[in-house]
Number of protein chains: 2
Amino acid sequence: MSARPPHQPHLGDLIGAERDIVARLAEVDLDVDYDALAVVSNIFRVAAMARRRIEQVALAPERLSWTAFTTLWVLWIWGEMESRHLAAEANVTKGTLTGVLDTLEGRGLITRRRRTSDRRLVMVALTDEGAEVIARVFPNVNATEVEVAGHLSSRQRRAMAGGLRAMVRGLAES
Amino acid sequence: MSARPPHQPHLGDLIGAERDIVARLAEVDLDVDYDALAVVSNIFRVAAMARRRIEQVALAPERLSWTAFTTLWVLWIWGEMESRHLAAEANVTKGTLTGVLDTLEGRGLITRRRRTSDRRLVMVALTDEGAEVIARVFPNVNATEVEVAGHLSSRQRRAMAGGLRAMVRGLAES
DNA sequence: CGCCTACTGTTCGGGTCCGAACGGTAAGGT
DNA sequence: ACCTTACCGTTCGGACCCGAACAGTAGGCG
């Protein structure tokens, strides 16, 4: 391992880089599933890149993070809802959601209201200003999503959509 | 918008939830590309879920985050390398990498060495203990990746791999 | 040499992000 | 009423994560 000669990876040449990784891992005596490795690691890569792109292009003018946008968007679509459902829809833990809601509440974009019938529950809703912000920013976000997904053919886009749904289902129920 | 009747989303029912979203957005007078929206948002969803799964199952015993694991893994594959290249491979900004390397250095898993020929550059390498950790944890991570990708048929897996590569290329060069 | 430009890693402020621990609330049983 | 159990949102500590600002280094170029 320490006697390995220096080697520069092929940045930007994904296929070449992946081939090099296979060669490197072949030196180690391990059974590696390269297809699973490539799919999962490229999902992380695409997610991080797309998130940065959307935040820079569409969200930076409104000073919103991707998670803050998602939270507002869910409330925009579904209307006032319980905090725990909001966390599930936005795909964050309840602890994280508390912090995000603190930020959004401080900026006057959402309100929290404790239920009287069950005082454990907190109802979250958009303010008028919050509704204005999400209505203004959503078209720009969707346009950036179109640009990101535009690197796929329509066949690829359908296949990706189906595969991703299968993975969401599989991950959710196991 | 505020006069909208209360409505519960289809938690766990992805297709049904997406249908409801289409119905909700139809009320607003907007041109929305639902395919792009579904692909991009499901990429984020799968990425977050898979990341949590891998961290809980394979990384928690070693107290490693996904990013810390990725950093060690890159160094394991390529050997000692410049900090800027490491950041590009791990897909984080240089500012983030500084913090991650601080953590890993404090735990004795990597070393930093400033180059004498060009004192701007910092070379990063695994320690012996870092190499032991990554060699021990990588098989478990790959096994979890296999489980995550196992929710796809082999056809779907190939299609996903191709689509993701196309998106990485497209995002990188624009 | 002195200046200017470019580049590298670090620092900084603000915002997520998680799991675990915590305090408050509800509901069923006794 | 009391107790036990289960559940909800918040708090906490620690770790990422980003862009912007910064200090240090290198390499021209007159």
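A, B, ... follow the sequence lines: proteins, then strands. Residue 1 opens every chain.
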Have a look at A:Arg107 and say if it touches a base, only the backbone sugar-phosphate, or nothing, with a 4.0 Å heavy-atom cut-off. nothing

Where each residue is assigned the nucleotide of DNA chain D containing its nearest heavy atom, which of A:Thr98 and A:Ala48 is assigned the position nearer the 5′ end? A:Thr98

Base, sugar-phosphate alone, or nothing: which one does A:Ser83 contact when heavy atoms must sit under 4.0 Å apart? sugar-phosphate

Judged by nearest nucleotide, the residue sitting upstream toward the 5' end of DNA chain C, B:Lys94 or A:Arg63, is B:Lys94

Which one, C:dG9, C:dG19, D:dT10, comes nearest to the side chain of A:Thr93? C:dG19

Nearest to the side chain of A:Arg119, which nucleotide is it out of D:dC16, C:dA26, D:dC18? C:dA26

Atom-to-atom span, CD of B:Glu55 to P of C:dG19 - whole angstrom: 8 Å

Hey, does A:Ser117 reach any base, or is it just sugar-phosphate, or nothing, if we go heavy atoms under 4.0 Å? sugar-phosphate

Name the closest nucleotide to the A:Arg120 side chain, picking from D:dC18, C:dT25, C:dT16. C:dT25

The residue, A:Trp66 or A:Arg114, whose nearest nucleotide of DNA chain C is more 5′ is A:Trp66

Selected nucleotide, minimal atom distance to B:Val122 side chain, candidates C:dG15, C:dG9, C:dG19: C:dG9

Honestly curious: do A:Val122 and A:Leu101 fall in one hydrophobic cluster under the side-chain, below-4.5 Å linking rule? yes

Looking only at C:dG19, C:dT16, D:dG9, the nucleotide nearest the B:Gln56 side chain is C:dG19

Using whole Å, what does the distance between atom P of nucleotide D:dC18 and atom CZ of A:Phe69 come to? 19 Å

Quick one: A:Arg52 CZ to D:dC17 P, roughly how many Å, whole number? 10 Å

So A:Ile134 and A:Leu75, do their side chains get closer than 4.5 Å, heavy atoms only? no

When you measure from the side chain of A:Val92, which nucleotide among C:dG15, C:dC18, D:dC18 comes out closest? C:dC18

So that I can tick it off, tell me whether B:Glu173 and B:Arg169 are bridged by a salt bridge, with the cut-off set at under 4.0 angstrom between side-chain N and carboxylate O. no

Taking atom types as modelled, find out whether B:Thr70 and B:Thr67 have a side-chain donor-acceptor pair closer than 3.5 angstrom. no

